[in-house]
Colleague: 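Have a look at this one.
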2 protein chains.
Amino acid sequence: MDVIANYYVESEWQIEKAARSIAAEQSTGTWTSVSTSQKGSGLDARVIKAEGNFCEIAFPEELFEPLNFPQYLSVIAGNLFGLGAIENVRLLDVEFPGKLVKMHKGPRFGIEDARKILGVHDRPLVGTIIKPKVGLSPKRTAEVAFDAAMGGLDLIKDDETLANQKFCPIEERIELVMEKLYRVEEATGKKVFYAVNVTTGARDIVERAEKVAELGANMVMVDVLTAGFDALAALAQEIKLPIHVHRTMHGAITRNRKHGIAMLPLARLVRMAGGTNLHTGSYKGKMDRAKEENDACRDALRQDWHGLKKVFPVASGGIFPANVAENLEGYGKDCIVQAGGGVHGHPGGSTDGAAAMVQAVEAWVEGMSIDDYANEHRELKEAIEYWGRNPQIEY
Amino acid sequence: MDVIANYYVESEWQIEKAARSIAAEQSTGTWTSVSTSQKGSGLDARVIKAEGNFCEIAFPEELFEPLNFPQYLSVIAGNLFGLGAIENVRLLDVEFPGKLVKMHKGPRFGIEDARKILGVHDRPLVGTIIKPKVGLSPKRTAEVAFDAAMGGLDLIKDDETLANQKFCPIEERIELVMEKLYRVEEATGKKVFYAVNVTTGARDIVERAEKVAELGANMVMVDVLTAGFDALAALAQEIKLPIHVHRTMHGAITRNRKHGIAMLPLARLVRMAGGTNLHTGSYKGKMDRAKEENDACRDALRQDWHGLKKVFPVASGGIFPANVAENLEGYGKDCIVQAGGGVHGHPGGSTDGAAAMVQAVEAWVEGMSIDDYANEHRELKEAIEYWGRNPQIEY
């Protein structure tokens with residue numbers, strides 16, 4: 001069986017030669033014929049299609065070391081990006097054979113497991129990022145988390161840059177936040193996830209996650225592109241908690257539509273490695289986006305796939321009540337919409353902001369216009385009055 | 001003290017606002033004002049310069065968790081790449097305060113240590129990649145290594161995609177290669193490094209490296225961008241061997257001159273994490289390149305820097321005898337020139353190919369033209385007759 005990779009290519013060479021150069025460089029060849037040649041050894045990558053600016057290359061499964069994520073990337077997304085004669089090349093998608101996919105356990109906690117823990121089955125989940133990104137003490141972090149949770153949302157996450165800095169040590173933070181969330185549960189009956197960012201080198205990440213698990217964490221978070229897919233896989237295998245996966249730094253790799261790596265193959269790797277939630281971009285917000293790429297990631301995370309559990313796509317970045325519906329039209333019910341400024345920037349504070357976000361989601365679920373729903377819900381009405389329909393980006 | 005990062009920016013916004021948005025997004029701000037604001041907390045990133053398409057941002061040191069490489073990246077190279085209103089942004093350089101740099105041990109083996117092991121002090125080192133990239137059995141790999149080593153070169157490395165696949169298991173490979181290299185040393189008195197690729201997830205990489213060290217390895221190799229900087233740091237701290245650092249996948253991130261991350265900041269991180277050799281690109285070859293970026297990496301790896309040992313820049317990709325001099329003009333004496341096809345594609349085979357590469361280096365050291373030197377050296381003469389002056393890229 002082969003691993004099939006699809007590329008967009010711009011080259012001074014004809015597409016056939018460009019595709020052949022990628023196949024050779026990433027398997028048994030090089031720029032000149034060598035006395036040691038193994039062409040015909042059964043390990044040659046083969047060009048299956050080459051047309052216009054697109055090519056499809058089949059890599060024999062034997063080229064890959066099972067479970068070695070860095071090695072997978074070195075074959076399908078390695079030196080080929082640097083070839084002088086190929087001006088632009090973008091890995092668009094990759095299809096792994098079922099046998100290889102099944103060697104990965106995938107998510108320990110999938111969409112259904114996370115819903116069961118929360119007891120929320122019939123609507124998209126609502127999340128928030130603690131804002132400001134950084135600068136709050138553990139005590140203030142816990143207070144902000146409490147306020148947001150009291151608004152009725154489902155998930156609170158750390159900022160992707162918050163790890164274990166002195167101004168907010170992780171152990172103190174998790175203890176204080178979880179204590180507040182227990183109080184919310186007592187008061188409202190509602191469970192709320194707190195995705196605590198355990199990102200650090202893969203050597204230490206499991207130990208850090210074990211520590212926060214002991215201290216009561218109900219979800220961990222990892223920056224998968226900076227920490228590595230193996231760090232995620234380690235968490236999924238060793239830690240009995242759902243995992244929120246952030247993709248910070250992805251824009252350096254995914255944003256150019258002609259060069260680099262599309263989000264889709266990265267999303268597939270995240271599902272193999274075991275994420276529960278994955279940031280996949282918004283349909284409307286402050287971050288760059290492409291509808292068709294969001295659609296593709298959404299489908300890759302939720303389609304039936306060799307028995308691996310399903311993963312929540314997460315919309316975030318400049319989300320606020322007025323653009324919730326557009327994001328839900330894209331992602332449908334099984335997603336998480338997440339707002340930071342769109343919660344904590346509410347004129348009534350974080351509790352009202354969280355409530356307004358939940359109301360915006362409810363309006364969509366009930367098929368009501370946000371204005372009609374706002375007439376019956378104060379927090380939502382205030383959000384719309386305050387921000388209008390488009391986020392006014394202030395900086 | 002601050003961490004100072006420099007960016008190239010293209011935005012619909014004025015450079016001041018664009019720079020402010022990066023500073024805010026990567027520290028204490030967001031797109032709207034929030035009730036929980038910590039502006040003025042001392043953790044705000046500040047715009048120091050913003051002019052034309054360039055800006056310089058100072059991040060307070062407290063934002064960084066010492067030794068946490070993923071977290072460093074999440075601050076200086078995180079979400080900023082995705083901001084919708086910033087069409088292109090490239091991290092050009094980063095300056096870490098000495099206190100932070102010194103918390104990293106850097107290379108256990110630097111340039112001087114590697115030279116001492118080899119007993120080669122007065123010329124650039126010559127390396128080869130076993131070719132074909134993949135497909136050889138351990139036995140054939142060892143034979144090719146033997147042939148190349150007999151040509152007098154200094155370093156032989158695995159392909160970046162070769163890890164521990166079934167067609168060439170790493171333990172069998174290291175045993176057979178090292179056995180051959182001992183025979184070379186007996187015959188010629190010359191030590192040769194074999195950089196065995198131990199790349200795998202950071203959880204397992206130290207164990208894999210320990211295993212090959214027990215089996216006689218004298219150098220290990222890691223694909224730093226796919227395995228993570230922490231995998232490299234783990235090797236440098238735990239394994240008493242020099243480390244050859246490959247940068248496969250870098251082109252997805254570094255190649256676009258307007259967007260992504262330049263090689264320079266990555267090279268700084270590699271030195272902090274502890275590489276001995278780092279692929280930094282060629283001045284002439286088959287891969288894309290920019291002279292000024294190579295120059296900057298070269299200087300960053302070799303300048304005096306808070307007491308950290310120095311790192312060899314490695315030129316590779318389409319190198320063969322006729323373009324050695326141009327690469328050495330760029331890198332000077334303290335570098336490694338590495339050829340794969342340029343060794344094993346020699347009409348006389350790998351031994352002659354290795355000898356020709358060493359001769360090309362010697363010619364440069366002695367200030368002789370390659371043609372004059374070739375008149376006295378058969379292998380070099382044959383290489384020039386066979387390939388001419390420019391690599392004919394064949395695929």
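Within every chain, numbering begins at 1; the chains are lettered A, B, ... in the order of the sequence lines, protein sequences first and strands thereafter.
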Colleague: Only pairs of heavy atoms separated by less than 4.5 Å count here; which of B/Gly340, B/Gly281, B/Ala77 has the most with chain A?
Modeller: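 Result: the option with the highest number of such pairs is B/Ala77.
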Colleague: Please rank A/Arg247, A/Met287, A/Arg90 by heavy-atom pairs under 4.5 Å with chain B and give me the top one.
Modeller: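 Looking at each of A/Arg247, A/Met287, A/Arg90 in turn, A/Met287 comes out on top.
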Colleague: Name the member of B/Glu25, B/Lys17, B/His250 that forms the most heavy-atom pairs with chain A at distances under 4.5 Å.
Modeller: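 Of the options given, most contacts go to B/Glu25.
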Colleague: Can you name the ring pair (Phe, Tyr, Trp, His ring centres under 6.0 Å) partners of A/His246, sequence neighbours left out?
Modeller: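 So A/His246 forms a ring pair (Phe, Tyr, Trp, His ring centres under 6.0 Å) with A/His279.
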Colleague: Which bit of B/Asp223 is near chain A, if near means a heavy-atom gap under 4.5 Å: side chain, backbone, both or neither?
Modeller: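 Answer is side chain: those atoms of B/Asp223 sit under 4.5 Å from chain A.
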Colleague: Using a 4.5 angstrom heavy-atom cutoff, name the option from A/Glu160, A/Arg20, A/Lys166, A/His346 with the most pairs to chain B.
Modeller: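 Most heavy-atom pairs within the cutoff with chain B belong to A/Glu160.
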Colleague: Which atoms of A/Phe64 are under 4.5 Å from chain B, going by heavy atoms: the side chain, the backbone, both sets, or neither?
Modeller: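 It is the backbone, since no side chain atom gets that close.
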Colleague: According to side chain to side chain contact (heavy atoms under 4.5 Å, CB included), who are the partners of A/Ala163, at least two apart in sequence or on a separate chain?
Modeller: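 Partners of A/Ala163 under the side chain to side chain contact (heavy atoms under 4.5 Å, CB included) test: A/Gln165, A/Arg208, B/Glu65, B/Asn68, B/Gln71.
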Colleague: Top residue by heavy-atom pair count (under 4.5 Å) with chain A, among B/Pro66, B/Gly349, B/Gly345, B/Ser74?
Modeller: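 Most heavy-atom pairs within the cutoff with chain A belong to B/Ser74.
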Colleague: Is atom CD of B/Glu12 surrounded by more than 12 heavy atoms (other residues, nucleotides or ligands) closer than 6.0 Å?
Modeller: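 Yes - once you tally the heavy atoms of other residues, nucleotides and ligands closer than 6.0 Å, there are more than 12.
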Colleague: Is any side-chain heavy atom of B/Asn256 closer than 4.5 Å to one of A/Lys258?
Modeller: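 A side-chain contact under 4.5 Å is absent here.
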Colleague: In terms of heavy-atom proximity below 4.5 Å to chain A, should B/Phe167 be classed as side chain, backbone, both, or neither?
Modeller: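 Only the side chain of B/Phe167 comes within 4.5 Å of chain A.
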Colleague: Can you measure from CG (B/Leu91) to CE (A/Met249) and round to the nearest 0.5 angstrom?
Modeller: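 Going from the CG atom of B/Leu91 to the CE atom of A/Met249 covers 10.5 Å.
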Colleague: Does some side-chain heavy atom of A/Leu63 sit less than 4.5 Å from a side-chain heavy atom of B/Thr161?
Modeller: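 Heavy-atom side-chain distance check fails, nothing below 4.5 Å.
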Colleague: Against chain A, label B/Glu143 side chain, backbone, both or neither, depending on which of its atoms sit under 4.5 Å from a heavy atom there.
Modeller: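 For B/Glu143, there is no contact with chain A at all, as no heavy atom is under 4.5 Å.
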Colleague: Among A/Val206, A/Ile253, A/Thr199, A/Asn164, who wins on heavy-atom pairs under 4.5 Å with chain B?
Modeller: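 Of the candidates given, the most pairs with chain B belong to A/Asn164.
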Colleague: Heavy-atom distance under 4.5 Å to chain A: side chain of B/Glu16, backbone, both or neither?
Modeller: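 Interface part for B/Glu16: neither.
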Colleague: Looking at chain B, which one of A/Leu80, A/Thr200, A/Leu225 has the largest number of heavy-atom pairs inside 4.5 Å, strictly under?
Modeller: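 Among the listed options, the one with the most contacts to chain B is A/Thr200.
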Colleague: I need the residue from A/Ala233, A/Gly260, A/Pro60, A/Ala202 with the largest number of non-hydrogen atom pairs under 4.5 Å to chain B.
Modeller: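 If we count pairs closer than 4.5 Å to chain B, A/Ala202 comes out on top.
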Colleague: B/Val144 versus chain A, heavy atoms under 4.5 Å apart: side chain, backbone, both or neither?
Modeller: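 For B/Val144, the side chain is the part near chain A, not the backbone.
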Colleague: Does any heavy atom of chain A fall under 4.5 Å from the side chain of B/Tyr72, the backbone, both, or neither of them?
Modeller: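 Contact with chain A is absent: no heavy atom of B/Tyr72 under 4.5 Å.
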Colleague: For the candidates A/Asn79, A/Asp288, A/Leu73, which exhibits the highest count of non-hydrogen atom pairs separated by less than 4.5 Å from chain B?
Modeller: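 The candidate making the most pairs under 4.5 Å is A/Asn79.
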Colleague: Under 4.5 Å from any heavy atom of chain A, what part of B/Glu61 do you find: side chain, backbone, both or neither?
Modeller: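 Contact with chain A: none, neither part.
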Colleague: In Å and rounded to the nearest 0.5 Å, what is the CZ to CD distance from A/Arg203 to B/Gln237?
Modeller: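 Answer for the CZ-CD pair, A/Arg203 versus B/Gln237, is 4.5 Å.
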Colleague: Considering only heavy atoms and a distance below 4.5 Å, find which of B/Gly342, B/Gly353, B/Gly317, B/Gly341 pairs most often with chain A.
Modeller: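 Option with the greatest count: B/Gly341.
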Colleague: Considering non-hydrogen atoms only, spot the tightest contact between B/Ile261 and A/Ala252 and give its length.
Modeller: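 Of all heavy-atom pairs spanning B/Ile261 and A/Ala252, the closest is CG1-CB, 4.3 Å.
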Colleague: Could you tell me whether the side chain of B/Arg255 and the main chain of A/Leu83 form a donor-acceptor pair under 3.5 Å?
Modeller: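 Indeed, once roles are kept as given, a pair shorter than 3.5 Å links the two residues.
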Colleague: So which heavy atom on B/Ser33 is nearest to which on A/Tyr386, and how close?
Modeller: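 For B/Ser33 versus A/Tyr386, the nearest heavy atoms are OG-OH, 3.9 Å.
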